[in-house]
Amino acid sequence: MSKLKFYLPVLGFVVVAIALWRGLYLDTKTLPSMLIDKPLPSFELTSVDGSGVSNSDLPGQIFLLNVWGSYCLPCLIEHPTLMRLSEEGNIPVVGVNYRDRQDLAIDWLQENGNPFSFSILDESGRFGIDLGVYGAPETYLVDADGVIRFRHVSVLDETVWQEQFLPAIAELRAEGT
Amino acid sequence: MIPEVGQFSLILALCLSMILATLPIIGAYQNNFLWMSMARPLSAGVFVFLGISIAILAYAFVTDDFSVQFVAHHSNTLLPDRYKLTAVWGGHEGSFLLWTFMLAGWMLAVAIFSKSMPLEFVARVLGVLGFLITGYILFMLATSNPFDRIVPLPPVDGADLNSALQDFGFIIHPPTLYMGYVGFSVVFAFAMAALLSGKMDAAWARWCRPWANVAWAILTLGIALGSWWAYYELGWGGWWAWDPVENPPLITWLFGTALIHSLAATEKRGVFKAWTVLLAILAFAGSLLGTFITRSGLLTSVHAFAADPSRGFFILAILGITVGGALLLFAFRAPLMKSEFGFDLISREILLLSNNVILVVAAASVFLGTLFPMVYQAITDDLISIGPPYFNAIFIPLMALLALLLSIGPYTRWKRTSKTYLVQQLGKVALAALVLGVVLPLLVTRQISLPATMAVAIGLWILLAMLQDIVNKTANKATRLKGLRALSFSYYGMQMAHTGMAVMLLGVALTSSFSSERSVLLSPGQDVGLGNYVFRFDGVASVNGPNYIGEEASFTVFEEGEEIAILHPERRIYLATNTPSTEMAIDAGFLRDLFITLGERKEGDAWSMTLYVKPFVRWIWLGAIFMTFGGILAAADKRYRRLRRKQTESNRSQGKSNTLGGELQASS
Amino acid sequence: MSSSGTFVNRKVLLLIAAIVVLLASVLLPTTAHSQVDTFDFDTNEQQDRFRTLSDELRCPMCQNSSLSGSTGGVAEDLRREIHRMIMEDMSDGEIIQFMFERYGDFILFRPRLTGATVLLWFGPLLFLLIGGLFAFRIWRRARQISDSDTQLNKSQQDRLQALLGEKT
C-alpha cells in the first residue's frame with residue numbers, strides 16, 4: 001500500500017479530467033420543466049380580447065401552449081411556424097401573453113397575424129410563474145386531458161417542429177390520448 | 001500590416017519557447033553546459049516577443065483599428081483612452097495573451113534572480129515554464145488568435161467595451177489576479193525540476209519559498225481586488241458570490257496557503273517533502289482549472305467568456321499533459337523523498353500539518369461544490385444549483401477552526417513543545433479574548449450578540465497572542481527596540497499575514513451580522529433614516545459623459561444632526577450599446593461604508609432607491625492587504641539574500657559544471 | 001550586492017501600489033447594476049425573511065445570480081411572489097416548496113439533501129476524516145523516526161565506544 005498511495009493523486013486526476021471532458025458536452029442553459037406529466041395549472045383570467053377564459057376553454061385535444069410577448073424578437077421569428085400550424089388546423093395553438101400590455105399585444109396580433117385560438121392575458125406574469133416560465137418564447141405540448149407532456153424553450157422553428165414536436169405528438173397519439 | 005507583425009511575434013515567441021521546452025531539459029540530463037545555458041537567453045527572448053505582441057494589440061486598440069476582430073468586438077471610438085488600453089484584457093483572446101505574457105514575465109524573473117541556483121536546476125525550471133508557454137501560444141494560434149482580421153469589410157465602429165468593465169476595478173483586478181495566479185506556475189516548475197532530477201532537499205525548499213510567498217501575496221491581492229470590485233460594481237453590498245469562476249482562484253489560494261506553510265517545514269526540518277511537491281502541483285492545477293472553467297463554457301456564470309467547446313478540449317489537453325504528467329512523475333519519484341526527522345504530537349510540525357489538512361479540505365470542498373452541478377447533470381440529466389448557503393456552511397466552520405489553531409503555531413517549537421508551556425502562555429490570551437469578546441460588542445451596541453462575540457473573540461485571540469509573542473521575543477535584548485530590530489523579516493511577515501487574517505475574519509463576520517439596508521421611494525426634499533444615519537434626497541440633474549448620458553442624484557447624509565457626506569449615485573445609458581447601468585455612490589470609511597443605489601423614476605419626481613450601512617466591510621480588504629505585505633516581507637528575508645550571495649560566490653569558484661546534490665551538501 | 005537592492009525595490013513598489021489601491025477605494029466613484037423594489041412589510045422579521053429568501057433563491061433566467069441581485073423579468077415577479085407569500089403568513093419552507101414545484105432544484109442555491117446530494121453535503125466531512133487519517137499516519141511514522149533518533153545505530157555506537165576508549 002505504501003508505494004501505491006502515491007498513485008492516488010494521478011488516479012483522482014484522471015477521474016476529474018474525464019468528468020470535465022464529459023461536461024463539455026452538456027447543455028447547462030436549458031432548464032427542464034417541473035410540470036412534465038402534470039396537469040396544466042388552473043386559471044381564471046381574461047384573454048387578450050377581453051373575454052373571460054379558464055381551463056374549460058382549452059381545446060379537448062392535443063394542443064400547443066405558446067408563451068409570447070410583443071416585445072419578444074424570437075417570438076416574431078417563430079411566428080410563421082405558428083401561423084402555418086393554425087392554418088392547417090390539426091394542432092390548436094393557445095397563447096399566453098406574458099408580461100405584456102394588452103393594447104400592445106392586440107396591436108402586435110393585428111400587425112402580424114393571430115395564430116392563437118385565444119391568448120391568455122398574463123400582464124403580471126403570475127400565470128407564467130405557475131407554469132415555470134423563465135422567458136419568452138416557450139412552447140408547451142399539452143395532451144387532450146390537459147396534462148403537460150413536453151416543453152421547448154426558445155424559438156420554435158420548422159426544424160424543432162420536425163425533430164422534437166412531431167415525434168412527441170406521434171407518441172401521444174399512439175398512446176391514445 | 002501591424003497586427004500581422006503582432007501575430008508573427010507570437011510565432012517567434014512560440015519557436016523560442018519550443019526550443020526552451022526541450023534543449024535545456026535534455027541538456028540537464030546530459031550535463032550539456034551549452035544547452036543548459038541557453039535557457040536564460042531563450043526566456044528573455046520569449047518575454048520580448050510576447051511583449052511586442054501585446055504592445056501591438058494595445059496599439060491596435062488605441063488607434064481604433066476595427067479591422068482586427070478582437071478590437072471591433074471590445075472597443076469603440078467613443079471609449080475613453082484608458083479603457084481602450086485595458087480592453088486588451090476585455091475578452092477571451094486578449095486576456096489569454098495577457099495571461100501568457102505574465103507567465104513570460106515570471107519566467108524572466110526566474111532567469112534573472114536565480115544566479116545562486118545550480119545551472120542544471122535553473123535549466124529544468126525554465127524548461128518547464130517554456131513548455132507551458134508553448135502550450136499556451138499553440139492554444140492561441142489554434143483557437144483564440146487576438147490578431148484575427150475582419151475581411152473584407154471591417155466595421156466603421158466597434159461594439160464597445162461592456163459597460164461593467166469601464167471602470168477602475170477592471171484596470172487593476174485582472175492583471176493583478178493573473179500575476180498571482182500565474183506565479184504558481186513557477187512553484188510548479190520548481191516542483192517539476194525536483195521530480196525530474198529525482199532529488200529534493202532543504203536547499204530546494206529554501207529557493208522555492210520566496211517565489212511561493214510572492215506568488216501567494218500577489219494572488220491574495222488579486223482576489224481581494226476582485227472582491228472589492230464586485231462589491232461596488234454589483235451594487236447590493238455583496239463581496240463574494242461563490243461563483244464558479246471566482247472559486248478556482250480561491251482553490252489555488254487555499255492550496256497555495258497550505259504550500260507556503262508546508263514549505264516552512266520542508267525547509268527547516270526536511271519533512272513533508274513529497275507532500276509539498278504535491279501541493280505545488282495542485283495549486284498550479286487550480287490555475288489551469290480556472291482557465292478551463294472561464295473559457296470553455298462549462299459552467300454558467302457572470303464572469304464566463306463566450307463559450308466555445310473546442311477551446312475547452314484544447315485546455316483540457318494542456319491540463320492532462322501538464323498536471324497528469326506531473327502527477328504521474330510524482331507517483332514514480334515521490335516515494336524516494338523521505339522525511340529526515342521525526343516530531344512529537346505537540347510540535348510546530350503538527351500545527352503545520354493541521355493547517356494543511358484544514359486548507360486542503362477547504363479547497364477540496366470548494367472544488368466539490370463547484371463541479372458537483374455538472375457531474376449531477378451528467379448523471380441525472382437534471383440541473384441543480386449550489387450557491388452561497390452551501391459554501392458558507394462548509395467554509396466558515398473550517399476557517400474558524402483554522403483561526404483557532406493559528407495562534408498556537410508561533411508558540412510551538414520544532415519537533416517538541418511542552419504542553420504546559422503552551423497552556424500557560426495561551427491560557428491567559430484565551431481568557432482575555434473571551435472576556436473582551438463579550439464586553440466590547442456590549443459597549444458598542446448595547447446588546448449581547450453571539451456572532452459579534454465569536455468574531456471579536458477569535459480576532460482578539462489571534463491579535464493578542466501575536467502581541468504577546470512579540471513581547472516575549474523582545475524580552476531578552478538590551479532594549480525592546482533592539483529586540484524588535486533583531487526579529488527577522490520572515491517573522492514579521494508571518495505576524496503581519498496572520499494579523500491580516502484576523503482583520504479579514506473580523507470584517508467578514510461583523511459585516512455579515514450587522515449590515516442593514518432599506519429600499520424606499522423618495523421625492524426631493526424627503527429623508528429617511530437607517531441605523532444612526534439620516535439620508536436626505538436633494539434632487540436629480542442630467543449628466544453627459546464621454547460615451548454615456550444619465551441622471552445624477554444628490555444626497556446629503558447626516559449623523560446625529562451633523563452633515564457627514566454628500567453622495568451622487570447615477571443612472572446611465574451607454575450610447576454605443578444602449579445599455580442602462582447604475583452607478584452607486586459610496587461613502588467609504590474605516591469603520592463602515594454607507595452607500596446608495598438609485599432605482600428608477602416613479603410617478604412625479606419620486607425615485608426608488610436602496611440605502612445601505614455596512615460596518616467593517618473595508619476590513620475584509622484591509623486584511624487582505626496585510627496578508628499581501630506579510631507575504632512579500634517574508635520573501636524579502638535576509639537569509640535568502642545571504643544564501644544567494646554565498647551561492648553565487650561558490651558557483652564562481654566551482655567553475656562551469658554544477659550539480660544539484662553534492663555541492664549543496666557542502667555549503668548548507 | 002545589487003540583489004538585496006532589487007528585492008527592496010520590488011517590495012517598495014508593491015507597497016506604493018497597495019496604498020494607491022486603498023486610497024482609490026476611498027475616493028473613486030463606482031458602477032453597479034442592481035434592482036430596487038420597494039415592498040412594505042409589517043415587521044422587521046418579515047423584511048429579514050424576504051432578504052434571506054431572495055438571497056437563497058436563484059434567478060432562473062440569469063447567469064448565477066440570486067433573486068436579490070437580479071434586475072427585471074422573472075426575478076422581479078418572483079420577488080413579488082415572495083412578498084405576497086410572506087404577507088400571507090406562509091412559512092419559509094412553504095415558500096421554498098412553491099418555488100421548487102415550478103422551477104425545480106435549479107432555483108435553490110441551498111441544494112436539498114437527497115440520495116444524490118448526500119455526497120455533496122457529507123463530502124467535506126469525509127474529506128476531513130480522510131485528511132485526519134493521513135495526518136495521523138504521518139505523525140505516527142514521524143514519532144517512530146523521532147524515537148529512533150534518540151538511539152544510536154550500530155556504527156554510531158562503535159564510534160562512541162572508540163571515542164570513549166580514546167579518552168580514557
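Lettering of chains follows the sequences in order, A, B, ..., and the numbering in each one begins at 1.
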What's the spacing between Gln97(C) CD and Ile95(C) CD1 if we round to 0.5 Å?
12.0 Å
Answer with side chain, backbone, both or neither: which region of Phe343(B) has an atom nearer than 4.5 Å to a non-hydrogen atom of chain C?
both
Answer key: most heavy-atom pairs under 4.5 Å with chain B among Ser66(C), Ala116(C), Ala142(C) is Ala142(C)
By a 4.5 Å heavy-atom criterion (distance strictly below it), what part of Tyr390(B) contacts chain C: side chain, backbone, both, or neither?
both
Compute both the distance and the angle, then confirm whether Arg137(C) meets the cation-pi test with Trp139(C): under 6.0 Å from the six-membered ring centre, within 45 degrees of the axis.
no
Heavy-atom pairs under 4.5 Å with chain B: which of Leu120(C), Leu128(C), Asp105(C) has the most?
Leu120(C)
Donor + acceptor pair across side chains of Asn247(B), Trp242(B) (<3.5 Å):
no
Side chains of Ser65(C) and Ser70(C): donor-acceptor distance under 3.5 Å anywhere?
yes
Please classify the contact of Phe590(B) with chain C as side chain, backbone, both or neither, using a heavy-atom distance under 4.5 Å.
neither
What part of Leu383(B) lies closer than 4.5 angstrom to a heavy atom of chain C: side chain, backbone, both or neither?
both
Less than 4.5 Å to any heavy atom of chain C: does that hold for the side chain of Ile112(B), its backbone, both, or neither?
neither
Heavy-atom pairs under 4.5 Å with chain C are the metric here; pick the option from Ser385(B), Ser347(B), Pro389(B) that has the most.
Ser385(B)
Partners of Phe100(C) by ring pair (Phe, Tyr, Trp, His ring centres under 6.0 Å), sequence neighbours excluded?
none
Contacting region of Leu353(B) [heavy-atom separation from chain C under 4.5 Å]
side chain
State, without any angle test, whether Ser519(B) and Thr610(B) hold a side-chain donor-acceptor pair at a distance under 3.5 Å.
yes
With only heavy atoms counted, which part of Ile394(B) is less than 4.5 Å from chain C, the side chain, the backbone, both or neither?
side chain
Return yes when atom CZ of Phe41(C) has more than 12 non-hydrogen atoms of other residues, nucleotides or ligands closer than 6.0 Å, and no otherwise.
yes
Among Leu119(C), Asp40(C), Leu108(C), the residue with the most heavy-atom pairs under 4.5 Å to chain B is Leu108(C)
Using the side chain to side chain contact (heavy atoms under 4.5 Å, CB included) rule, take Tyr612(B) and Thr597(B) through it: C-alpha gap first, then chi angles, then the decisive distance, then the call.
CA-CA 8 Å; Tyr612(B) 299 81; Thr597(B) 329; 3.4 Å; yes
